[in-house]
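One structure is given below, encoded as C-alpha cells.
The figures that follow rest on heavy atoms only: side chains count, while hydrogens, waters and symmetry mates do not. In this text, all values refer to a predicted model and were calculated from it rather than measured experimentally.
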Amino acid sequence: MNNMDMHHDHHEMKDMQMDNTMMQHGGQMMHMGNLKLKFWISLVASIPVIILSPMLKVAWLPTFSFPGSEWVALILASFLYFYGGAPFITGAVAEIKAKKPEMMTLIAIGISVSYFYSIYSFVMNHFIAPNGNVMDFFWELATLIDIMLLGHWIEMNAVMAAGNALQKMAALLPGEATVIDTDGTQRTVPLKAVKVNDVVLVKAGAKIPADGVITAGNTSVNESLVTGEARAITKTVKDKVIGGSTNGAGTLQVKVTGTGDSGYLAQVMQLVSDAQREQSSAEGIADKVAGWLVYIAVSVALITFIVWWALTGEFNFALERMVTILVIACPHALGLAIPLVVARSTSIGAKNGLLTRKRQALEDADHLDMVLMDKTGTLTAGNFAVAAFDSWDDSFSSRDVLANFAALEQNSSHPLSVGILNAAKHENVDVPKANDVINIAGTGLSGSVGGRALMIANERYLIDQGISYDHDVVHEWATKGNTVSFLLADQQAVGFVAQGDQIKPESKKLIDGLKARHITPVMLTGDNKQVALVVAKQLGISEVDVHAELKPADKEGIVRQYQAGKHTVAMVGDGVNDAPSLARADIGIAIGAGTDVALDSADIVLVRSEPSDILNFLELAHNTSRKMVQNLWFGAGYNIFAIPLASGILAPVGFVLSPALGAVLMGLSTIVVAINAQTLHIRK
C-alpha cells in the first residue's frame with residue numbers, strides 16, 4: 001500500500017462518513033466554505049423579500065411595494081428555497097430514507113411548508129381570488145433559511161473539521177524504497193512495487209519502508225511514532241523492524257515480511273478506519289428534540305386541518321392553521337440553541353487549553369464512567385530523566401560517574417543519552433572528551449576517557465559476564481520504575497545511573513479528580529508490567545486496572561470490551577498506537593504534544609498536554625450540556641403552548657394564534673437563547 005493508495009482509501013472513507021452523517025445536526029453535511037457562501041448569498045436575497053413582506057404592516061412598520069413587487073418576492077423566495085434550503089432538503093431525504101427524521105427533517109418541513117403555502121397564497125391572491133387575503137410566508141421562509149444556515153455556520157466555525165488521521169499515517173511511510181537484487185545491484189522502486197522477501201536498503205536516518213527482519217547491519221530504531229514508547233531500540237541481525245519507524249545511525253539491509261495491507265502500519269490504519277466508521281451513532285439532544293417535534297407537529301397539524309375543515313368547511317382557514325403549526329414547530333431559536341452554546345463552549349475551552357473537535361463529545365462526557373489512559377507521554381513525560389547516580393569505587397566520585405557517562409553518551413541521540421546529558425548540564429559537571437566510542441548492540445557503549453577504558457552496560461551484561469554489583473541498590477531503583485545503567489572500568493562496576501520516565505506533576509491530580517467523580521481510571525501501555533505497576537501505584541490506579549505490554553490492536557480491543565460491558569469510555573493518548581483506540585472510544589482525548597495522527601483521531605485535544613485539563617474538560621462538558629438543555633427548552637419548549645394555540649384550541653373563546661404573534665414569540669425565544677448561551681462558564 002503506497003502513499004497514493006492510502007490517500008485514495010482515506011478519501012473514500014471520508015466520503016462514506018459524509019454520507020452517513022449528512023442527516024446529523026451539525027456542520028458535517030457540507031464544506032464550511034460553501035455553507036458560509038450560501039449564508040451570505042441567501043442573506044442578501046432575503047433583504048428584499050423581508051422588505052416587501054406584508055408582515056411589516058402587521059408589525060406596524062412601513063411597507064414597500066411597486067408594480068410587480070410580488071413577482072420579485074416570489075422569484076427571490078424560490079431562489080432561496082432551492083439554493084439556501086438545498087442542504088436541509090438533502091439532509092431530510094437522507095433522514096427519511098434512514099427512517100430517522102431529526103433536525104434536517106424538521107427544518108425541511110418548516111421551509112417547504114412556508115414556500116409551497118406561499119406559492120398557493122400567491123396563486124390565490126393573483127389569479128383565483130384577486131381580492132382574497134391569503135397571507136404568504138415568504139418572510140418566514142427567508143428568515144428561517146438564514147437563521148438555520150447561520151446556526152450551522154457558527155457551529156462549524158467553532159468545532160474544528162474532522163482530521164486527516166489516515167493521511168498522516170500514510171506520511172509515515174516513504175514513497176520509495178531501495179531494493180537490493182540477488183546480484184547485489186540496487187534499484188529505487190515505488191513503495192507499492194516492494195514485495196515480501198525483497199531485501200531493501202535502509203540508510204541512516206531514513207524511514208523503514210516495510211515490516212521486515214534485519215539481514216545485515218546494527219543500529220538503534222526509533223519506533224516512538226509507531227509504538228508510542230519513547231525509548232529507541234537497539235536492533236541487529238535477525239531482529240524485526242516495523243515499517244514507518246525511523247532508522248538510527250547504522251545502515252541496514254532488511255528482508256521484507258509485510259507490505260501493503262499485511263504491514264503493521266497498514267493494520268493500524270485499518271483499525272482507525274473501522275473505528276471511525278463504527279463510532280457511536282448516539283443522537284444529540286437537539287436531534288432528539290427535533291425528532292419528537294417532527295412527529296408531534298405533523299400529527300397535530302393534520303388533525304387540526306381535518307377538524308377545522310370538517311367543522312367550518314373553510315378550506316383556507318383550515319389550511320392556514322395547519323401551516324402555522326408546521327412553521328412555528330421549527331422555530332428560529334432551535335437552529336441557534338446548540339450552535340451558540342457550542343461556539344461559547346469552544347471559546348472557553350480554547351482559553352483553557354481545550355480544543356473541541358466533535359460536539360457529541362461534550363454531550364457524552366456526562367455519562368463517562370471509564371477513562372483509559374496511555375502511560376508514556378500522557379501520565380508520564382515521555383522523556384527519561386536521571387533519578388539517581390552514585391559511585392561504588394573510591395577512585396570515582398559520584399560526579400565523576402555522571403561526567404564519564406556523559407562523555408561516552410555525548411554524541412548519541414538515544415533518549416537515555418539525552419537524559420544523562422541533561423543531568424550533567426544541570427549538575428554543572430565538566431564533561432571530558434571520550435575517544436574511540438563504539439556502540440555495543442544490546443549492551444551499551446565503550447570508549448576511553450583520559451586514557452582509561454570505560455564502558456556503559458546494562459544489567460544483563462553484568463550478569464552474563466559475572467561482574468559483581470550492588471543488587472539492593474539496583475532493585476531499589478528498578479522497583480521505582482527506573483532503568484539502571486552501569487559504568488565499568490577495566491570490567492569492574494564502579495558506579496550507576498538510574499533513569500525513569502518521570503510522572504507528570506498533574507497526573508495525580510487527574511486520577512484523584514476522576515475518582516471523586518466516580519470515574520474509574522485505567523492505564524494502558526506498551527511498556528513492561530513492572531514499570532506500569534510502579535507508575536500505577538504512585539498515581540493510585542488499582543492494579544486490576546493496569547494493562548501492560550499492549551499493541552495498538554490490544555488497546556482498541558480493550559476499549560471494545562469496556563463498551564460491550566455498557567461502559568461509556570474515554571481514551572487518552574498521544575501516539576500512533578493510540579489512534580485506533582482514540583477513534584473507537586466514545587470520547588477520544590489527545591495530548592497536544594503527541595503525534596498528528598493521534599490528534600486527528602481524537603474528539604478533544606489537550607493543547608497544554610496537561611493531564612489535569614481532562615478535569616476542566618469534564619466540567620466544561622457538564623456545563624455545556626446543561627446549557628444545551630436549557631436552550632432547547634427556551635428555543636422549542638414554547639411549542640408546548642404555541643402548537644395548541646396555533647391549532648385553535650382557544651378559538652371557542654375568541655383567541656387564535658396568528659402567524660404574526662407566532663413570529664414575535666420566535667423572536668423572543670431567539671433573544672433568550674442567545675443571552676443564555678453567553679452565561680456559560682467554568683470555574684477558574
Say whether, by atom type as modelled, one donor and one acceptor occur between the side chain of [X] and the main chain of [Y] under 3.5 angstrom.
{"X": "Asp369", "Y": "Ile519", "answer": "no"}
{"X": "Ser625", "Y": "Leu362", "answer": "yes"}
{"X": "Thr90", "Y": "Pro87", "answer": "no"}
{"X": "Asp613", "Y": "Leu606", "answer": "no"}
{"X": "Asn631", "Y": "Ala337", "answer": "yes"}
{"X": "Ser121", "Y": "Tyr117", "answer": "no"}
{"X": "Asp586", "Y": "Val569", "answer": "yes"}
{"X": "Thr679", "Y": "Asn676", "answer": "yes"}
{"X": "Glu556", "Y": "Asp578", "answer": "no"}
{"X": "Ser53", "Y": "Val49", "answer": "no"}

Under 4.5 Å between any side-chain heavy atoms of [X] and [Y], yes or no?
{"X": "Leu680", "Y": "Ser345", "value": "yes"}
{"X": "Phe66", "Y": "Leu52", "value": "yes"}
{"X": "Asn316", "Y": "Met124", "value": "yes"}
{"X": "Glu70", "Y": "Leu74", "value": "no"}
{"X": "Lys555", "Y": "Pro580", "value": "no"}
{"X": "Arg584", "Y": "Met571", "value": "no"}

Just how far is it from atom CD1 of Ile111 to atom CD of Glu140, taken to the nearest 0.5 Å? 11.0 Å
Counting only pairs under 3.5 Å, give me each side-chain donor-acceptor contact of residues 289-308, with atom names and distances, residues two or more places apart or in other chains.
unit_1	atom_1	unit_2	atom_2	d
Ser299	OG	Tyr295	O	2.7
Thr304	OG1	Val300	O	2.7
Trp308	NE1	Ser647	O	2.6

Just wondering, are more than 12 heavy atoms of other shown residues or ligands nearer than 6.0 Å to CD1 in Ile649? no
For Phe641, look at atom CZ and say whether over 12 heavy atoms of other residues, nucleotides or ligands are found less than 6.0 Å away. no
Who are the side-chain hydrogen bond (donor to acceptor under 3.5 Å, both in side chains) partners of [X], not counting sequence neighbours?
{"X": "His622", "result": "Asp366"}
{"X": "Glu314", "result": "none"}
{"X": "Asn623", "result": "Arg626"}

Tell me every residue that passes ring pair (Phe, Tyr, Trp, His ring centres under 6.0 Å) with Tyr115, counting only those two or more places apart in sequence or in another chain. Tyr81, Phe82
Ring pair (Phe, Tyr, Trp, His ring centres under 6.0 Å) filter on His126, not counting sequence neighbours, yields Phe122
Using the ring of Phe317 (Phe, Tyr or Trp, six-membered ring only), decide whether Arg321 places NZ or CZ under 6.0 Å from its centre and within 45 degrees of its axis. yes
Please tell me whether Asp146 and Ser46 have a donor and an acceptor in their side chains that are separated by less than 3.5 angstrom. yes
